[in-house]
Amino acid sequence: MPTFTGEEALNYDQRIGKLVPGYALLHQITAAQLSVTLAPDATILVVGAGTGREIIELAALHRGWHFIAQDVSADMLEIADQNFTNLGIADRVTIHHGKVTDNLFRADAALCLLVMHFVQDNGDKDDLLAQISRNLKPEGRLYLADLMTPESGFEREAQFLFCHTALGLTEQGVEKMRRNFVEEFYPIGLERLNTLLDKAGFSTPLVYFKALGFSAFSSHKCI
């Protein structure tokens, strides 16, 4: 798993848009769903908040929303904290460095975007989803986007090609991406995701975004 420290943290925002087809659209669609389902004073848990980009965009849309920015990378959260301060929204964000822990927060919704494929399916995925569930209010919603196992024999190659020709990823970047798919990523299929979400107390996930290997789902916590 990448450490997201040092240069990796500093360059993350410039790099991520070249690695995920539809990256901006994914966040826009997620924001639209949050806007029509959450109250004006809602609290949102952002798992893997990174440099805070998601929170900054959501905070600009709804001035009454509050956020929990969780990440295991101190370097990423340091950048996020500075960004929140510079934009005058630090008083609306609680920063949590480390893993999500039991019953620490009571959020109305949780975002877990582009995080789960870094987590091994050896019990760790189960634990992460269970912890998210415990930090949501009853009927709280989870929005999860992740790299999934390919549905065709050519999906991955199409993904690499699109990132290179349409998103500007260099040839060296494509080769690194290929290695990451073997060494650092742990994608799962929809059937396995259904099982994990059900075990953690979530409803059957509904797909709301899909683009060359990446899919996004919404699911609510079952009482």
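Sequential numbering from 1 along the given sequence is applied to the chain's residues.
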Short side-chain to backbone donor-acceptor contact, [X] and [Y], under 3.5 Å:
| X | Y | value |
| --- | --- | --- |
| Gln70 | Gly98 | yes |
| His97 | Val72 | yes |
| Lys199 | Asp126 | no |
| Trp65 | Ala39 | yes |
| Ser215 | Ala211 | no |
| Lys125 | Gln120 | no |
| Asn180 | Val182 | no |
| Ser133 | Leu129 | no |

* Within 6.0 angstrom of Lys99 NZ, more than 12 heavy atoms from elsewhere ->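 Check fails, neighbour count at 12 or below.
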* Asked: Any chance CD of Glu78 has more than 12 other-residue heavy atoms, nucleotides or ligands included, within less than 6.0 Å?
  ->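 It does not: Glu78 CD has 12 such atoms or fewer within range.
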Does any part of the side chain of [Y], heavy atoms only, come nearer than 4.5 Å to the side chain of [X], both counted from C-beta?
| X | Y | result |
| --- | --- | --- |
| Ile44 | Leu38 | yes |
| Ile16 | Arg53 | yes |
| Phe181 | Gln159 | yes |

* **Criterion side chain to side chain donor-acceptor pair (under 3.5 Å) on Ser219 and Tyr143, from CA distance to verdict** => CA-CA 7 Å; Ser219 178; Tyr143 294 88; over 6 Å; no
* **Verdict with supporting geometry, Cys163 and Met177, side chain to side chain contact (heavy atoms under 4.5 Å, CB included)** => CA-CA 10 Å; Cys163 289; Met177 192 176 180; 3.9 Å; yes
What is the minimum heavy-atom distance between [X] and [Y], and which atoms define it?
| X | Y | answer |
| --- | --- | --- |
| Thr149 | Arg156 | CA-NH2, 4.0 Å |
| Val115 | Gly48 | CG2-CA, 4.0 Å |
| Met148 | Gly189 | CE-C, 3.7 Å |
| Arg106 | Pro138 | NH2-CD, 3.9 Å |
| Leu167 | Gly17 | CD1-O, 3.5 Å |
| Asp108 | Ala42 | OD2-CA, 3.4 Å |

* Just do the ring pair (Phe, Tyr, Trp, His ring centres under 6.0 Å) check on Phe118 and Phe185 with the steps written out, would you? => CA-CA 5 Å; Phe118 291 117; Phe185 297 162; 5.5 Å; yes
Would a single hydrophobic cluster contain both [Y] and [X], if residues Ile, Leu, Val, Met, Phe, Trp and Tyr are joined by side-chain heavy-atom contacts under 4.5 Å?
| X | Y | value |
| --- | --- | --- |
| Phe162 | Leu169 | no |
| Leu104 | Leu142 | yes |
| Leu161 | Phe214 | no |

Could you check whether [X] pairs with [Y] (Lys NZ or Arg NE/NH1/NH2 to Asp/Glu carboxylate O, under 4.0 Å)?
| X | Y | value |
| --- | --- | --- |
| Lys176 | Glu184 | no |
| Glu157 | Arg178 | yes |
| Arg179 | Glu175 | no |

* To do: Please step through side chain to side chain contact (heavy atoms under 4.5 Å, CB included) for the pair Thr43 and Phe105, ending with a clear verdict.
  => CA-CA 9 Å; Thr43 297; Phe105 307 107; over 6 Å; no
Would you please indicate if the ring centroids of [X] and [Y] are separated by under 6.0 Å?
| X | Y | answer |
| --- | --- | --- |
| Tyr186 | His117 | no |
| Phe202 | Phe217 | no |
| His27 | Tyr23 | yes |

* To do: Any chance you could lay out the side chain to side chain donor-acceptor pair (under 3.5 Å) test for Asn135 and Gln131, step after step, and finish with the verdict?
  => CA-CA 6 Å; Asn135 282 277; Gln131 297 294 0; 4.7 Å; no
